[in-house]
Amino acid sequence: MTKTCLVTGCAGFIGSHLTQALLDTGHSVVGVDNFASGYEHNMEGFIGHTGFTFYKRSIVEEGLLEELKQIHPDLDVVFQLAAVVSVPYSVEHPDLTMKVNFEANRVMLDSAKELGFSSFVFAGSAAEYGNENRLPVKEEYAQDAEQLSPYGVAKYRSSAYIEESGYGCSLRFFNIFGPRQDPTSQYSGVISRFVDFGLAGKNMVIFGDGEQTRDFLYVSDVVTAYLIAAGLDEHGRGPLTGIYNVGTGVGRSVRDLATVVAGLTSAPEVIDFKPERAGDIRHSRADVSRISGKGFRAQVSFEDGLARTVDWAIKSKS
Ligand SMILES: NC(=O)c1ccc[n+]([C@@H]2O[C@H](COP(=O)([O-])OP(=O)(O)OC[C@H]3O[C@@H](n4cnc5c(N)ncnc54)[C@H](O)[C@@H]3O)[C@@H](O)[C@H]2O)c1
């Protein structure tokens with residue numbers, strides 16, 4: 001059954017992939033973005049699609065969902081991706097971060113519930129775990145008191161609010177990568193930077209010894225998780241409620257990453273090591289048993305995902 005879905009943050013990295021996938025599978029999309037960190041060119045693939053309607057609006061605007069529902073009575077699913085995405089920016093702008101990443105989300109969730117939407121899916125984050133060192137990280141490890149930034153606080157409180165409400169779900173993403181990712185992203189910006197170094201024939205630069213690990217997930221697998229969460233996958237196990245980690249469950253080292261990217265770009269094999277950055281966590285890896293129980297499994301290997309990302313970077317530079 002096809003649905004009409006709201007995607008907030010549709011001009012962003014993940015939102016543009018989700019929008020494209022929804023349209024490709026016959027759903028209609030109402031997209032909202034204020035271009036705070038997204039770009040019009042990210043929407044090139046679908047801006048003229050007959051099933052897509054775009055609104056340059058902010059999710060903090062009062063009554064936004066009610067207004068969109070009046071214009072699009074079939075609107076039935078909310079994918080809430082719009083957010084202040086930079087941790088350092090959130091430290092400089094804590095009030096704005098709470099307004100966008102928590103308050104707007106709380107209001108949107110309550111409205112969606114009131115209006116009878118079939119599902120509400122929020123973009124949570126591995127940042128909600130702070131400096132957690134028990135691995136793999138389980139959903140119940142996140143605590144309000146452990147947060148390291150306003151970004152973490154707002155994402156954590158949104159997830160907790162969703163869980164308490166018993167309506168909608170929060171997908172806690174680990175390190176997502178793929179085409180269109182912003183190189184300044186704290187999550188997997190390192191991948192975009194390595195690809196840029198590699199294509200420019202420059203040495204990779206690693207902060208620390210390179211043995212720090214992250215749970216890197218390719219963006220098309222994130223789309224799969226979203227479809228499951230909203231009950232739009234072929235098995236229709238959703239809509240989900242509660243909190244779910246979304247990752248591969250496998251940690252890959254930054255040194256490993258540099259080696260694979262160097263092989264794909266013919267960059268020099270020499271790596272420049274620089275002093276470790278203060279505050280960087282050593283290891284991060286998701287316990288994915290909860291989302292696996294709903295049928296999710298990462299399909300794209302680290303190597304294939306990196307090859308696709310490098311291909312895209314080559315094409316977008318030519
Ligand atoms: N990329 C990752 O690895 C990762 C990991 C964990 C969580 N997340 C979360 O996933 C979501 C998408 O992240 P992304 O990596 O695609 O980032 P992104 O910056 O590419 O996308 C965010 C989009 O939201 C838009 N936006 C910001 N504030 C808005 C507002 N007030 N109203 C309307 N639009 C607004 C931005 O312009 C941008 O297009 C975010 O909520 C982020 O916190 C991402």
Side-chain angles (χ1 to χ4, degrees), residues 6-21 30-43 47 54-62 64-65 68 78-90 93 95-105 107-108 121-129 137 142 149-159 162 170-192 214-223 225-226 229 243-248 284 286 298 305 309:
L6 170 63
V7 177
T8 71
C10 63
F13 160 50
I14 301 174
S16 61
H17 285 274
L18 175 62
T19 300
Q20 185 72 66
V30 174
V32 165
D33 205 296
N34 68 352
F35 300 118
S37 58
Y39 303 96
E40 264 182 85
H41 62 75
N42 282 345
M43 303 197 291
I47 191 73
F54 179 67
Y55 294 89
K56 184 171 181 273
R57 303 282 293 269
S58 169
I59 59 164
V60 303
E61 290 173 39
E62 220 180 326
L64 179 66
L65 193 63
L68 293 174
V78 177
F79 293 106
Q80 175 85 308
L81 282 76
V84 168
V85 290
S86 157
V87 170
Y89 183 88
S90 84
H93 304 274
D95 294 345
L96 176 71
T97 304
M98 285 311 283
K99 207 168 162 185
V100 178
N101 293 11
F102 175 62
E103 285 301 329
N105 184 52
V107 169
M108 187 85 85
V121 189
F122 173 69
S125 168
E128 295 173 48
Y129 295 111
V137 184
S149 65
Y151 176 84
V153 172
K155 289 282 182 182
Y156 172 82
R157 291 195 186 157
S158 287
S159 296
I162 290 168
S170 169
L171 301 181
R172 278 190 186 141
F173 298 124
F174 277 60
N175 297 75
I176 318 301
F177 72 100
R180 302 200 280 272
Q181 177 155 45
D182 186 340
T184 61
S185 158
Q186 70 265 10
Y187 292 106
S188 311
V190 62
I191 294 188
S192 317
R214 296 289 180 272
D215 187 335
F216 292 111
L217 184 73
Y218 188 66
V219 67
S220 63
D221 282 322
V222 173
V223 169
Y226 266 120
I243 301 173
Y244 296 82
N245 282 342
V246 181
T248 61
S284 168
T309 309

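The structure presented is a predicted model; accordingly, all values stated were derived computationally and were not measured. We count ligands from 1, going down the list as the structure has it; atoms in each ligand are counted the same way.
Using a 4.0 Å cutoff on heavy atoms, Phe174 counts as a contact of ligand 1. Asp182 does not count as a contact of ligand 1, since none of its heavy atoms falls under 4.0 Å from the ligand. Residue contact annotation: Arg172 has no non-hydrogen atom under 4.0 Å from ligand 1. Residue contact annotation: Thr8 has no non-hydrogen atom under 4.0 Å from ligand 1. At least one heavy atom of Arg57 sits closer than 4.0 Å to an atom of ligand 1.
Inclusion of Gly12 in the set of residues having an N or O under 3.5 Å from an N or O of ligand 1 is warranted. No N or O atom of Val85 sits closer than 3.5 Å to an N or O atom of ligand 1. Residue Ala126 has no nitrogen or oxygen atom sitting less than 3.5 Å from a nitrogen or oxygen atom of ligand 1, judged on distance alone. The shortest N or O to N or O distance between Leu81 and ligand 1 is below 3.5 Å. Backbone and side-chain nitrogen or oxygen atoms of Tyr151 are examined, and one is located within less than 3.5 angstrom of a nitrogen or oxygen of ligand 1. Residue contacts with ligand 1: Ile59 is placed with a nitrogen or oxygen under 3.5 Å of a nitrogen or oxygen of the ligand (distance criterion only). Checked by distance only, ligand 1 and Ile14 come closer than 3.5 Å through their nitrogen or oxygen atoms. Considering both main-chain and side-chain atoms, Asn34 comes within under 3.5 Å of ligand 1 through a nitrogen or oxygen pair. For Ala36, a nitrogen or oxygen atom sits less than 3.5 Å from a nitrogen or oxygen atom of ligand 1, counting backbone and side chain alike. Note: no N/O pair closer than 3.5 Å links Ala82 and ligand 1 by distance alone.
Nearest approach of Gly124 to Ser170, heavy atoms of both residues: CA-OG, 3.6 Å. Heavy-atom minimum distance, Phe54 versus Val32: CE1-C, 4.2 Å. For Glu128 against Ser159, the heavy-atom pair with the smallest separation is OE1-OG, 2.9 Å. Across every non-hydrogen atom of Gln80 and Ala104, the tightest pair is NE2-O, 3.9 Å.
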inquiry  = What verdict does the side chain to side chain donor-acceptor pair (under 3.5 Å) test give for Ser16 and Asn42, after you've listed the backbone C-alpha separation in whole Å, the side-chain angles of each residue and the deciding distance to 0.1 Å?
reply    = CA-CA 6 Å; Ser16 61; Asn42 282 345; 4.9 Å; no
Candidate pair Val222 and His17, rule side chain to side chain contact (heavy atoms under 4.5 Å, CB included), full reasoning = CA-CA 9 Å; Val222 173; His17 285 274; over 6 Å; no
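Cation-pi geometry between Arg172 and Tyr129 is met: under 6.0 angstrom from the ring centre, within 45 degrees of the axis.
Closest protein heavy atom to atom 10 (O) of ligand 1: Ala123 CB, 3.6 Å. For atom 2 (C) of ligand 1, the closest non-hydrogen atom of the protein is Tyr187 CD1, 3.2 Å. Protein heavy atom in closest approach to atom 39 (O) of ligand 1: Asp33 OD2, 2.6 Å.
Asn101 places no side-chain N or O within donor-acceptor distance of the main-chain N or O of Ala154, the cut-off being under 3.5 Å. Side chain of Lys155 to backbone of Ala126: no donor-acceptor contact under 3.5 angstrom is found.
The shortest distance between side-chain heavy atoms of Phe35 and Glu40 falls below 4.5 Å.
Atom numbering of ligand 1 starts at 1 in the shown order; those under 4.0 Å from a heavy atom of Phe35 are 37 (O). When each atom of ligand 1 is checked for a heavy atom of Ala11 under 4.0 Å away, the hits are 39 (O). When each atom of ligand 1 is checked for a heavy atom of Ser58 under 4.0 Å away, the hits are 30 (C), 31 (N), 32 (N), 33 (C). Here is the list of ligand 1 atoms found below 4.0 Å of a heavy atom in Gly38: 36 (C), 37 (O), 38 (C), 39 (O). Listed by number with element, the atoms of ligand 1 under 4.0 angstrom from any heavy atom of Gly124 are 6 (C), 7 (C).
For the side-chain hydrogen bond (donor to acceptor under 3.5 Å, both in side chains) with Thr248, the qualifying choice from Asp215, Asp221, Asn175 is Asp215, the only one to do so.
You'll find the ring centres of Phe177 and Tyr218 inside the 6.0 Å limit.
Counted within 6.0 Å of CD on Glu61, heavy atoms from surrounding residues, nucleotides or ligands total more than 12; the atom is thus considered enclosed.
Under the rule for a ring-ring contact (aromatic ring centres under 6.0 Å, His included), Tyr244 has no partner lying at least two apart in sequence or in another chain.
At a heavy-atom distance under 4.0 Å, atoms from both the backbone and the side chain of Phe13 approach ligand 1.
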